[in-house]
Visitor: 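I have a structure I would like to understand better, so I am pasting it below and will then ask my questions one at a time.
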Amino acid sequence: MSDLLQDIRYGLRAIRKSPGFAAAVLLTLMIGIGANSAIFSVIDAVLLRPLPYSDPQRLVVAWTQFLQVGISENYFSIAEFQDLMKQNRSFERVAAYRSTVNLNLTGVAEPERLPSAMVTSDFFPILDVDAQAGRTFLQEDADSDRDVVVLSHGLWQRRFGSDPGVVGRTMSLDGKANVIVGVMP
């Protein structure tokens with residue numbers, strides 16, 4: 001124990017003699033530890049932590065490709081998706097989604113631009129996620145002229161004050177009336 005105390009005293013004396021060198025060493029350690037923490041956080045979130053869905057190893061994303069014009073990942077057209085649905089012999093279920101559709105929410109306090117996704121009725125069942133309140137989409141919703149939405153939990157809390165009676169109400173997205181059919185967990 002006395003050797004350890006002597007080493008600590010010696011180290012402190014050396015730091016006092018050359019504070020510039022000590023600061024450089026400390027800065028190098030801080031940058032190294034910070035960079036390693038940031039890299040680990042990204043790797044943990046992207047690669048190590050499992051997806052919050054049942055059987056994530058069975059999920060597949062399919063794209064079309066137009067390699068002659070340099071497009072390696074492109075959405076299916078509606079006709080291509082309908083053909084895939086009719087000819088499907090490999091997958092239990094098939095769903096389509098189109099993300100990063102920004103919609104304007106109006107009529108509830110201040111207007112807000114909302115990131116959203118357009119999905120087919122099998123989207124949530126494929127992920128095995130049920131609505132916290134209300135329901136998710138049904139095929140009948142797509143067949144009718146009625147526009148329906150499912151709210152994220154965050155939007156439900158932020159804009160609707162966690163009101164359990166929000167299901168069945170209408171909200172205006174890009175000037176169209178949409179019926180709220182559910183809230184996700």
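Count residues from 1 along the sequence.
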Visitor: Could you tell me whether the side chain of Leu138 reaches within less than 4.5 Å of the side chain of Glu140, counting heavy atoms only?
Guide: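 Touching, per the 4.5 Å side-chain cut-off.
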
Visitor: How are the rings of Tyr97 and Tyr75 set to each other: parallel, tilted or perpendicular (split at 30° and 60°)?
Guide: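 The arrangement is perpendicular - the two ring planes meet at more than 60°.
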
Visitor: Roughly how far, to the nearest 0.5 Å, is the CG atom of Leu84 from the OG atom of Ser77?
Guide: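 So the OG of Ser77 and the CG of Leu84 are separated by 10.5 Å.
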
Visitor: Can you name the residues that form a side-chain contact (heavy atoms from CB on, under 4.5 Å) with Asp83, not counting sequence neighbours?
Guide: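 With sequence neighbours excluded, Asp83 shows a side-chain contact (heavy atoms from CB on, under 4.5 Å) to Gln87, given in chain and number order.
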
Visitor: Linking I/L/V/M/F/W/Y whenever any side-chain heavy atoms sit under 4.5 Å apart, do Phe76 and Phe123 land together?
Guide: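 Different clusters: Phe76 never reaches Phe123 through Ile, Leu, Val, Met, Phe, Trp or Tyr contacts under 4.5 Å.
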
Visitor: Side chains of Arg58 and Glu92: does their closest heavy-atom pair fall under 4.5 Å?
Guide: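 Of all side-chain heavy-atom pairs linking Glu92 with Arg58, at least one is under 4.5 Å.
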
Visitor: Kindly determine whether Phe137 and Phe124 satisfy side-chain contact (heavy atoms from CB on, under 4.5 Å), including the steps that lead there.
Guide: CA-CA 8 Å; Phe137 301 118; Phe124 293 114; 3.8 Å; yes

Visitor: Can you list, pair by pair, the side-chain donor-acceptor contacts under 3.5 Å of residues 18-36, counting residues two or more places apart and other chains?
Guide:
{"from": "Ser18", "atom 1": "OG", "to": "Ala14", "atom 2": "O", "distance (Å)": "3.3"}
{"from": "Thr28", "atom 1": "OG1", "to": "Ala24", "atom 2": "O", "distance (Å)": "2.8"}
{"from": "Asn36", "atom 1": "ND2", "to": "Gly32", "atom 2": "O", "distance (Å)": "3.1"}

Visitor: Could you work out, with side chain to side chain donor-acceptor pair (under 3.5 Å) as the rule, every residue matching Asp130, not counting sequence neighbours?
Guide: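 In terms of side chain to side chain donor-acceptor pair (under 3.5 Å), with neighbours along the sequence ignored, Asp130 is linked to no residue.
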
Visitor: Please list, chain by chain and in numerical order, all residues satisfying salt bridge (Lys or Arg N to Asp or Glu O under 4.0 Å) with Asp122, sequence neighbours excluded.
Guide: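 Here the qualifying residues are Arg93.
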
Visitor: For Ser90, what residues pass the side-chain contact (heavy atoms from CB on, under 4.5 Å) criterion, not counting sequence neighbours?
Guide: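 Expected list: Asn88.
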
Visitor: Using the side-chain contact (heavy atoms from CB on, under 4.5 Å) rule, take Glu112 and Asn104 through it: C-alpha gap first, then chi angles, then the decisive distance, then the call.
Guide: CA-CA 6 Å; Glu112 183 178 352; Asn104 294 310; over 6 Å; no

Visitor: Just verifying a value: how many Å separate Leu103 CG and Leu114 CG, rounded to the nearest 0.5 Å?
Guide: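 Leu103 atom CG to Leu114 atom CG measures 7.0 Å (nearest 0.5 Å).
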
Visitor: Any side-chain donor paired with an acceptor under 3.5 Å for Ser121 and Gln139?
Guide: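 On atom types as modelled, these side chains qualify, holding a pair under 3.5 Å.
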
Visitor: Taking the side chain as every heavy atom from C-beta outward, state whether Val181 and Arg146 have any atom pair closer than 4.5 Å.
Guide: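 When only atoms from C-beta onward are counted, Arg146 and Val181 do touch, with a gap below 4.5 Å.
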
Visitor: Can you tell if the side chain of Leu48 reaches within under 4.5 Å of the side chain of Phe40, non-hydrogen atoms only?
Guide: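 They are in side-chain contact.
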
Visitor: Quick one: name the residues clustered hydrophobically with Tyr10, using the 4.5 Å side-chain heavy-atom rule over I, L, V, M, F, W, Y, and just say none if it's on its own.
Guide: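 None; Tyr10 is a cluster of one.
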
Visitor: Going by heavy atoms in the side chains, are Leu59 and Leu127 under 4.5 Å from each other?
Guide: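 Sidechains of Leu127 and Leu59: in contact.
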
Visitor: Applying side-chain contact (heavy atoms from CB on, under 4.5 Å), can you list everything that pairs with Glu110, at least two apart in sequence or on another chain?
Guide: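 Glu110 satisfies side-chain contact (heavy atoms from CB on, under 4.5 Å) with no other residue.
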
Visitor: Using a cut-off of 6.0 Å, state whether more than 12 heavy atoms not belonging to Leu5 lie near its atom CG.
Guide: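 Counting neighbours around CG of Leu5, more than 12 heavy atoms of other residues, nucleotides or ligands fall under 6.0 Å, so yes.
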
Visitor: Could you tell me the separation between the CG atom of Leu12 and the CG atom of Asp7, rounded to the nearest 0.5 Å?
Guide: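 CG of Asp7 is found 11.0 Å from CG of Leu12.
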
Visitor: Locate the shortest heavy-atom distance separating Asp141 from Thr136; write the atom from each residue and the value.
Guide: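 Looks like OD2-O, 4.4 Å.
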
Visitor: Could you check whether any side-chain N or O of Thr170 sits under 3.5 Å from a backbone N or O of Ala177, counting only pairs where one atom can act as donor and the other as acceptor?
Guide: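 No: the side chain of Thr170 does not pair with the backbone of Ala177.
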
Visitor: Partners of Asp128 by side chain to side chain donor-acceptor pair (under 3.5 Å), sequence neighbours excluded?
Guide: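 Side chain to side chain donor-acceptor pair (under 3.5 Å) list for Asp128, sorted by chain: Ser54.
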
Visitor: List the atom of Gly182, the atom of Val167, and the distance in Å for their closest heavy-atom pair.
Guide: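 That closest heavy-atom pairing would be CA-CG2, 4.3 Å.
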
Visitor: Sequence neighbours left out, what passes side-chain contact (heavy atoms from CB on, under 4.5 Å) with Ile39? Give chain and number order.
Guide: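 Only Ile43 meet the side-chain contact (heavy atoms from CB on, under 4.5 Å) criterion with Ile39.
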
Visitor: Are side-chain N/O atoms of Asn102 and Arg113 paired as donor and acceptor at under 3.5 Å?
Guide: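 No, because no side-chain N or O of Asn102 sits under 3.5 Å from a partner of the opposite role on Arg113.
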
Visitor: Do any side-chain atoms of residues 147-157 form donor-acceptor pairs under 3.5 angstrom with protein atoms, and if so which ones, sequence neighbours left out?
Guide:
{"from": "Ser152", "atom 1": "OG", "to": "Leu155", "atom 2": "N", "distance (Å)": "3.1"}
{"from": "His153", "atom 1": "ND1", "to": "Gln132", "atom 2": "OE1", "distance (Å)": "2.9"}
{"from": "His153", "atom 1": "NE2", "to": "Gln157", "atom 2": "NE2", "distance (Å)": "3.2"}
{"from": "Trp156", "atom 1": "NE1", "to": "Asp163", "atom 2": "O", "distance (Å)": "2.9"}

Visitor: Is a side-chain N or O of Asn74 found less than 3.5 angstrom from the main chain of Ser72, in a donor-acceptor match?
Guide: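 No: the side chain of Asn74 does not pair with the backbone of Ser72.
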
Visitor: Quick one: side chain to side chain donor-acceptor pair (under 3.5 Å) partners of Ser144, sequence neighbours excluded?
Guide: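 Checked Ser144 against side chain to side chain donor-acceptor pair (under 3.5 Å); zero matches.
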
Visitor: Can you sort out the partners of Arg9 under side chain to side chain donor-acceptor pair (under 3.5 Å), two or more places apart, ordered by chain and number?
Guide: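 Scan of Arg9 (side chain to side chain donor-acceptor pair (under 3.5 Å), adjacent residues dropped) gives none.
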
Visitor: Please round to the nearest 0.5 Å and tell me the distance separating atom CZ of Arg13 and atom CD1 of Ile15.
Guide: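 With rounding to 0.5 Å, CZ (Arg13) is 11.5 Å from CD1 (Ile15).
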
Visitor: Would a single hydrophobic cluster contain both Val61 and Phe81, if residues Ile, Leu, Val, Met, Phe, Trp and Tyr are joined by side-chain heavy-atom contacts under 4.5 Å?
Guide: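 In one cluster with Phe81: Val61, no.
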
